[in-house]
Amino acid sequence: MSEINLIIDGKECKGASGDTILQVAQKNDVYIPTLCYLKGLTPIGSCRMCVVEVEGNAKLLTSCTTPAQDGMVVNTKTQKLFNYRKQILELLFAGRNHFCMFCSQSGDCELQTLAIEHGMDSVRYPYLYHDFENDATSEDLQMDHNRCILCGRCIRVCAEKVGAHTLDLEKRGWSANIITDLGSKLGDSETCVHCGACAQVCPTGTITIRDFVYRGRRNDCDDVVESICPLCSLGCEIKGYVRTGSLTRVEGSNLEGPDGGQLCHKGRWWLPESTERERLSVPMIREGSTFREASWEEALGLAASKMKDACQKGKAGAIVSGLSTDEELSVFHSVFKDTLDLKYFDCFIGDILRGFKKGFEPFVEQGVKPFTAAHNITSSDLVLILDADPQDEVPVTASYIRVNTIINGGKLANISSATNPFKGITDVDIKVSPEKMFNVITALVKAVSENEPIEVSGVDKTALEELAGMLKEANRPVFIFGGNFASDAKAVTQATNLAIASGSIFEDGLGIVPMVRHANSLAAINTVVGEEPWIGKADIDCLYVSSTGLIPEDSQSLEAMSMARFCIIHTPYMVHPLVNMADVLIPSPAWYERSGHFCTIEGERRKLNTMVKPQLNLKGLGEIFSTLTEKMGVKLNRSEVQPCENIFNSTVPADKACQVAVEEV
Amino acid sequence: MSRTIVKVGMASCGIAAGGGPVFDKLHSLLDGRDDVEVKKVGCIGFCYKEPLVEIEKDGVCVTYGEVDSALAEEIVEKHIDQGQILKEHVVLNNSAEAPENPRLENQVRIVLRNTGLIDPENIDEYIAREGYRGLEKALKEMTPMQVIQEILDSGLRGRGGAGFPTGLKWKFAHLAKADKKYFVCNADEGDPGAFMDRSVLEGDPHSVLEGMAVGAYAIGADEGIIYCRAEYPLAIKHLNRALEQARERGFLGDNIMGTGFSFDIHIKEGAGAFVCGEETAMIASIEGKRGMPRPRPPFPANSGIFGKPTNINNVETLANIPWIITHGSGEFSKYGIGKSRGTKVFALAGKINKGGLAEVPMGMPLRDVIFDVAGGIPNNRKFKAVQLGGPSGGCLPEELLDTPVDYESINATGAIMGSGGMVVMDETTCIVDVAKFFLSFVQKESCGKCPFCRIGTKRMLEILERISEGNGSHEDLDLLAELAVQIKDGSLCGLGQTAPNPVLTTLKYFKEEYLAHIDDKKCPAKVCTTLIHYSIDPEKCIGCTKCARNCPVDAITGEVKKLHVINDDICVRCGKCIEVCPVGAVTVE
């Protein structure tokens, strides 16, 4: 890409060929007002605010869409342009309900800001007072069409980034309006995935998030903290708006990254909600059917004595959360593995992680990284979903899959025992009962690598043949391994064989995207995932449980807690049913009070930053565990663990991967 | 003795005027006779005289106008059977003088060379008139670049309105490198008052298909799409029939005429959005998206349908192509002046005597088109304005009637050549009302993408409404002019950029009429209902009660043989009383 030189408003500006005039201006700190433009979305040049004059061209050009050319002389601030922009603002203001004093977004509104910038103190047109609908049918979002300026950002983010294509335009001329699906209410939409991306990009008060709407405008917030979302293994980059110790809204910050700054429903709503929940502020000890407050000394003392006894009997256990930071997970590892050497040590959803770990092992031994970055889905020509529900498990990958299928034209196939999560856009959908899953994958491996005829009793033969054909033809297929599917390590291995047979080779590894829910799954596999499953099976006298309280505990773990004779629950929140299981409750800082690192499933280390300083009398893990071990009379043994991003590191390129034999079931 | 051929004008205009029953009548009378053949043909352009029936007997062609079933019977009996021409009904006659002969003599028919003459559903008739000769010549004797050069030399420019040189457009698409290219025919004729393209499609569909095939060969496309508005069912029917026949004869499909060139065409029906005539909106619509324009670059020649190089030409442009290839660019460029060569088809409508279709050489003065070809203004009324180019065009006054019909001259007036709609207005037309009509059209048809077009045109319309109601001010006029210029300069697509033209030209040429509405609260043409008042002249009224009986809102009171009075508060200015008054006692002020 060659460098180009422009003169914008008399200033010499450098850009790269392929840049638009706006991009060059922004790179060189020349301000051009915009409204429909948003970084990361396709520019459409509809609002006309960014029009500029280019010398030698009689037309006014939208800088967001016009390619910059070497030698261009651009003027962005002439009186004529100023009048044009002011006229646009006037038309917009008088067109619908833009009475700022009644709008929750007043102060955060881009339309309002521009109006102030342009000194628009009155409009020359009578207000129309046309009554557009205020769609308040959705529990999450409110869409007041009366405040809409039809910039189309919501439509574009929903189509281009989320792939849901819930929103579009309806009607013509003056009546043109944003429409949901084919005219349904937002609350009844069949395609909306409730990610709130539309609300994040809305420049006015049209689409708002009902829960946060009056909790603080962006400008009112005390602090904006860059961090990551700890809810799943994608670790989406976020911006948290903090006001009076509370998180008032969360926005995706990686606008130009592959996710386009989108978040999923969980990230958008659960994170801010988590700052409003009832906290566990002091240690507590069970007393009959209730709890009493206790001192740290007493609570840890009780916990230590129970743990010590149980350790001696070999009946001590610990379950920790994969939503913990790297640093926290290594403390758990030091305590429960290196110091106490517990036989029963695992993390929530350990079975799934164990399945992935074991299933991938033969390939890791070959030096191959068995998965690829989730965003590579968008450059794939075929996505095969294996018993996964990406929208539920790792939601943003579902966006990648939709975008790849609908916009990029990739094919989509699904094999599952449950309902097809992408009904309507899949090319092949094969229903397979869980017990036949392995056989189907084995048959596919044979069909793809050895051209063997494919037949599995009770499974649609034509569909299988079609899928085998698609896999043979595909150049960059991606395989999505679901969590349920992964609890069977053999199936994971066999499906990895299928990926190799289909030539699923990406720059960073094999084209597999595993659905692991917990944000720090890679670190958990590295440090806390046990060798064998025991939760629900082992007889436990004392069980230590560390929960972040962010996502509900799985039923198997809860059952294990209820069966344990003594339960130490370490959690930030008074969440049920978790606290019901406790004999001792130990408070911990919530995710937004912590800092540390997470490792995304792709092996990228990202930083979780403290958003709100801990307000309570809380103790960190290090302090708690040194006290605990001291009271147990053991010396805390801190060993080195290898950095988790290395555990699946590749030493050879993915195309060197070989299939491995898996014994038939 | 050769067979007598009976041709019934069965284009939409003919059918609307009652051509169907006439055809049925003739068919039933003549069916089974070996010496007579009855067939349906397209529109010859004399729409005001429809239904038309042409009798070709012994080398003499006689066209009858305003034929009904009774006249049809008479024609069979007297003309066909006895060879006796019914002179009083003749419109055209190739062997003797006829009232409309001069009108045809004023025309040069290249685009309309076949319409009204051949049966559009019969490919043999097209072939008999040089059909597919141009394609054969192009494929067998010319390279794609030679074809493009021929079109460049001919000086042919886009007849859809903008007037971009067709050869140049093809050259860009030709030079674009891609594994797939599209050749699109824009048949989304949407201007109110325009029906040139419809007539060509209905009357001579093969000329368009042939033009497309030549163009596709020139640019290297293998897929053709005709984007035709669904409101043209007959055109679509004839196109489909023509496509079938062209495929059967090997003019479309694989390996055309054994030359190795393959090309086929399919039809995409537009759902009736005016903006889809804009090429980027059309591309979006063809792709299955909402028809909305997008900024250029990238130009369709580089990135059109599904990102592939796409060339889009209008129906009339394409109908010229076979003729140019067959007869040579020199023959074509013989007609016209300056940078506008060839002919232009106009749809003549409004206050004229001879509404219909006419093809005139470029450069003919507007005056000649209106007064010679279109037969002037009925009822000896005074000419007031001519609206060119539909809602994107402008209104020109009498002083500009000597403007020659060519792209540059017309653009210089503030109007545009447009697709060829020509609406003539006389002194009974209110200019503010005309501006209001076109603006209400574009503001409804705006796709809604840009605020200027979406809201701006609505605001302009409101101002015009205020003026026509007598509530306008001089500030309104200023705001109207300011908005018009800004919408023109600031809009994304052709629709928005030209939407203010009717207002800008009327403000330029007819400002006094606006001022009369504003200052005097008067509508000089007596059209704007809130500014006019009906009254009954006591001197003339004979008390016949006709007006009172016909008034739809009972605004007129009066007894038999006594003076009648109109209650101005109730009156809705429908004009019914003027119509029925036998003595002309009702006056409007």
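Per chain, numbering begins at 1; letters A, B, ... match sequence-line order. Please read all numbers here as calculations on a predicted model, not as lab measurements.
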Which answer fits [X], side chain, backbone, both or neither, if we ask what part of it has an atom under 4.5 Å from a heavy atom of chain B?
X      : value
A:A58  : neither
A:E90  : neither
A:N177 : neither

Taking atom [atom1] of [X] as the centre, does the number of heavy atoms from other residues, nucleotides or ligands within less than 6.0 Å exceed 12?
X      : atom1 : value
B:K171 : NZ    : no
B:K511 : NZ    : no
B:K339 : NZ    : no
B:K444 : NZ    : no
B:K181 : NZ    : yes
A:K80  : NZ    : yes
A:E117 : CD    : yes

Pick from A:L61, A:I88, A:T65, A:L169 with the largest number of heavy-atom pairs that fall under 4.5 Å of chain B:
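Max contact count across the listed options: A:L169.
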Which of the residues A:C47, A:G95, A:G152 is involved in the greatest number of heavy-atom pairs with chain B at under 4.5 angstrom?
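Top option by heavy-atom pairs under 4.5 Å: A:C47.
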Before giving the answer on side chain to side chain contact (heavy atoms under 4.5 Å, CB included), spell out for B:I455 and A:F93 the whole-Å C-alpha distance, their side-chain angles and the decisive distance to 0.1 Å.
CA-CA 10 Å; B:I455 317 175; A:F93 258 85; over 6 Å; no
Nearest heavy-atom neighbours spanning [X] and [Y]:
X      : Y      : value
B:V485 : A:Y84  : O-OH, 3.8 Å
B:E462 : A:L128 : OE2-CD2, 3.1 Å
B:P451 : A:R48  : CD-CG, 4.5 Å
A:A176 : B:G448 : CB-CA, 3.9 Å
B:E482 : A:R124 : OE1-NH1, 2.9 Å

Interatomic distance, [X] atom [atom1] to [Y] atom [atom2] [nearest 0.5 angstrom]:
X      : Y      : atom1 : atom2 : value
A:S46  : B:R454 : OG    : CZ    : 7.5 Å
B:R290 : A:D168 : CZ    : CG    : 7.0 Å
B:L492 : A:L60  : CG    : CG    : 12.0 Å
B:Q486 : A:L91  : CD    : CG    : 8.0 Å

Return yes if some donor-acceptor pair links the side-chain N/O of B:R459 with the main-chain N/O of A:P126 below 3.5 Å, else return no.
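Yes; at least one donor-acceptor contact below 3.5 Å.
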If we define contacts as heavy-atom pairs under 4.5 Å, which of B:T457, B:L483, B:I463 has the most with chain A?
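Answer, by heavy-atom pair count under 4.5 Å with chain A: B:L483.
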Looking at B:Q497, B:E445, B:R294, which has the largest count of heavy-atom pairs under 4.5 Å with chain A?
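Of the options given, most contacts go to B:E445.
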